[in-house]
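In what follows, residues are counted from 1 in the order of the sequence shown. Predicted, not measured: the structure shown is a model, and the values here were computed from it. In listed order, ligands and their atoms are each counted from 1. These values consider heavy atoms only, across backbone and side chains, with no hydrogens, waters or symmetry-generated copies.
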Amino acid sequence: DHLRHVESMATLPSGAGKISHLNAVILGEALASEENDLVFPSEDFSRQALVSSPAQYLELYRKSIEDPARFWSAIASEFYWIQKWGEQVYSENLDVTKGDIKIEWFKGGITNICYNALDRNIEAGNGGKVAIYWEGNELDQDGSLTYSELLEKVCQLANYLKDIGVRKGDAVVIYLPMLMELPIAMLACARIGAVHSVVFAGFSADSLSQRIVDCKPKAVITCNAVRRGSKVIYLKDIVDAALVESAKNGVSVDVCLNYENKSAMKRETTKWTEGRDVWWQDTVPKYPTTCAVEWVDAEDPLFLLYTSGSTGKPKGVLHTTGGYMIYTATTFKYAFDYKPSDIYWCTADCGWITGHSYVTYGPLLNGATVIVFEGAPNYPDAGRCWDIVDKYKVTIFYTAPTLVRSLMRDGDEASNFSGFTCNLCYVTRYSRKSLRVLGSVGEPINPSAWRWFFNVVGDARCPISDTWWQTETGGFMITPLPGAWPQKPGSATFPFFGVLPVIVDEKGTEIEGECSGYLCVKNSWPGAFRTLYGDHERYETTYFKPFPGYYFTGDGCSRDKDGYHWLTGRVDDVINVSGHRIGTAEVESALVSHPQCAEAAVVGVEHEVKGQGIYAFVTLVDGVSYSEELKKSLTLAVRKQIGAFAAPDKIHWAPGLPKTRSGKIMRRILRKIASRQLDELGDTSTLADPSVVDQLIALSDC
Ligand code: 6R9
């Protein structure tokens with residue numbers, strides 16, 4: 001059955017092979033234009049690539065599906081294990097009707113991911129190679145660490161953590177901006193078998209405290225403040241407030257380790273809690289620069305990362321060690337066609353999964369040189385990214401469509417003040433010659449942004465890896481291998497090795513050929529998450545019950561006649577704002593916490609730069625009247641409960657919400673009103689009170 005699937009999955013697109021085909025573009029020889037729906041890697045690129053042709057891809061893919069145990073153990077054997085895994089390389093049950101959902105890879109194998117990322121590369125002679133180049137918010141702030149230096153820093157922190165009583169299996173919360181100390185902290189936890197939970201440093205005190213209460217960490221690692229663009233954010237104040245809140249909920253944290261981020265804030269003005277707070281710089285450097293590794297089972301937890309779902313409570317996605325290690329390393333290597341000479345920059349923050357798998361673990365496991373950037377991509381101006389690309393001779397640049405779209409928009413504005421007409425000078429005033437592979441992640445990339453990224457940023461020379469995956473999947477699931485397939489702007493193309501994606505209809509029946517429906521996965525892969533922390537039942541209900549026998553991704557997808565996959569966005573109550581996942585229920589619950597808000601319904605609406613914007617319908621309590629002030633204070637409630645990135649783009653006053661007679665809010669109608677598609681409202685006769693629709697439309701511009 002699996003084999004048949006492989007055979008039928010991919011056929012070469014009609015233009016392939018016929019280079020003269022009208023619709024085909026060869027990288028480096030022509031621009032990708034609206035008419036060009038196939039973009040071929042250049043012969044030079046393919047020749048040097050790890051996977052150079054569709055046939056070679058298919059051969060490897062077939063092996064990975066026919067015999068996953070053999071395929072993945074061959075790769076795993078290239079890593080260091082003090083004890084090999086058991087007879088059974090993996091075991092899985094993805095079918096709720098057959099018992100508990102269970103996924104295990106390399107069980108019984110004993111290893112350590114920090115050892116594999118650092119010590120192993122140093123032993124291979126790469127101790128002097130730069131592991132991290134750090135670029136600060138300001139143009140003159142930078143630094144670097146070689147693999148050996150990085151290991152020393154990691155060991156010092158690991159020793160400190162052990163000294164304060166952090167043991168294997170204990171949680172540590174990390175709330176840091178993109179300083180080198182962030183990957184250092186992750187690796188230090190991994191070295192001693194502690195479970196890190198990085199919380200994006202844009203989350204509010206309330207959100208941070210919710211996560212602290214859930215995972216009960218032994219310590220919190222933070223810094224006093226950070227400068228992003230022209231703003232200063234006082235992170236330690238946020239942590240202080242979160243810790244007060246957590247204590248009220250019965251979880252007190254004994255140690256708060258603070259890095260003094262001098263360029264943003266001096267220690268003299270930092271608020272301090274004696275007995276709990278510790279300065280990193282005063283303490284950690286005193287510890288030895290070597291630290292014995294805590295060897296762990298492949299199935300021991302590596303980290304928890306909270307992500308949004310369709311209910312208010314964030315989900316603690318749990319990843320384990322061995323499978324995640326092999327999967328992130330392998331996907332990184334193939335999807336970016338990694339070479340040891342590459343300089344790699346991923347703009348994601350380590351507070352999200354992309355920063356876990358493709359700033360820290362995937363690249364370092366490959367011995368790559370990684371850039372960690374603390375600042376904002378449009379500071380001091382919209383040319384900053386290309387300035388960094390030229391400064392470090394970046395070869396692989398991996399970012400999100402929202403950034404591409406915002407730079408694309410800024411690119412045109414540059415002409416207004418530069419004194420001469422150069423529409424794209426934010427980009428073209430830099431060389432960018434070092435670039436060879438581009439990457440995209442977080443949301444579907446629209447074809448016009450794809451073409452701008454390809455033509456302008458990459459000078460029509462660099463393939464784009466549009467990587468589809470999720471916090472839950474650990475690593476890439478559907479992605480181009482840049483030297484193998486001709487690309488189609490906006491398509492994530494084909495599955496990675498070992499992944500069997502299927503498209504099902506509402507009944508959960510697989511549909512073949514050209515089709516669209518719900519994207520599921522039929523088998524397990526090493527990087528899959530194993531559970532939701534403390535709530536295996538929610539894990540099964542959310543991901544495995546909707547379509548028994550499959551992992552349900554929550555995404556819609558279509559497959560075209562050539563077998564290419566086109567992701568169409570979330571089909572659940574999750575919206576994707578600038579590549580960040582936000583549950584509509586979370587925003588709604590923040591809004592209704594406001595004393596003057598009676599009810600709220602949130603929908604996603606198309607947004608030029610962010611992909612989706614947050615559109616909130618708000619019903620006020622009786623007697624309260626609408627005002628701009630109130631909008632501000634509702635927005636503040638969301639910033640306070642979740643974080644600034646979740647603030648609504650639009651608040652729409654709603655005297656009532658469209659509900660069915662059983663009281664269910666009809667979001668379909670709200671989405672149409674929000675996007676002004678008033679002639680597509682559909683059937684409103686099932687509403688308890690159809691007149692609310694007209695009232696809502698009348699209030700659209702208030
Ligand atoms: C890695 C990451 C996951 C959701 C996912 C999907 C969307 C991510 C995408 C993409 C289309 C891509 N998504 N990459 N959609 N094309 N290349 O972003 O993880 O934050 O968990 O979000 O993001 O909707 O379901 P996460």
Closer than 4.0 Å to some heavy atom of T354 - which atoms of ligand 1 meet that?
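Contacts of ligand 1 toward T354, numbered from 1: 1 (C).
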Going by the order shown, which atoms of ligand 1 are within less than 4.0 Å of some heavy atom of N576?
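Per the distance check, 7 (C), 23 (O).
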Taking only Lys NZ, Arg NE, NH1 and NH2, and the carboxylate oxygens of Asp or Glu, determine whether E472 and R581 approach each other closer than 4.0 Å.
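Yes, charged N to carboxylate O under 4.0 Å.
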Any carboxylate oxygen within less than 4.0 angstrom of a Lys/Arg side-chain nitrogen, looking at K488 and D560?
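Yes, charged N to carboxylate O under 4.0 Å.
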Looking only at protein heavy atoms, identify the closest one to [atom] and say how far it is in Å.
{"atom": "atom 8 (C) of ligand 1", "result": "G442 C, 3.3 Å"}
{"atom": "atom 6 (C) of ligand 1", "result": "D555 OD2, 2.9 Å"}
{"atom": "atom 12 (C) of ligand 1", "result": "E443 O, 3.5 Å"}
{"atom": "atom 11 (C) of ligand 1", "result": "P444 N, 3.1 Å"}
{"atom": "atom 22 (O) of ligand 1", "result": "R581 CD, 3.1 Å"}

Cation over ring, R211 on F203, under 6.0 Å and within 45°?
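Verdict for F203: a cation-pi partner in R211.
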Can you tell me if T395 and D342 form a side-chain donor-acceptor pair at under 3.5 Å?
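Present: a donor and an acceptor within the cut-off.
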Looking only at distance, does R570 have an N or O less than 3.5 Å from an N or O of ligand 1?
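So ligand 1 has an N or O lying under 3.5 Å from an N or O of R570.
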Contact (N/O only, under 3.5 Å) between T307 and ligand 1:
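For ligand 1, there is no N or O atom that lies under 3.5 Å from one belonging to T307.
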Check whether the ring centres of [X] and [Y] lie less than 6.0 Å apart, and answer yes or no.
{"X": "Y344", "Y": "F397", "value": "no"}
{"X": "Y327", "Y": "W72", "value": "yes"}
{"X": "W468", "Y": "F476", "value": "no"}

With sequence neighbours left out, what residues match Y518 under ring-ring contact (aromatic ring centres under 6.0 Å, His included)?
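Listed in chain order: F547.
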Could you tell me whether T471 approaches ligand 1 through its side chain, its backbone, both or neither, with non-hydrogen atoms closer than 4.0 Å?
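It is both backbone and side chain that touch ligand 1.
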Heavy-atom pairs closer than 4.0 Å: do any link ligand 1 to the side chain of T467, the backbone, both, or neither?
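For T467, only backbone atoms sit under 4.0 Å from ligand 1.
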Any W469 heavy atom less than 4.0 Å from ligand 1:
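Judged by the 4.0 Å heavy-atom criterion, W469 does count as contacting ligand 1.
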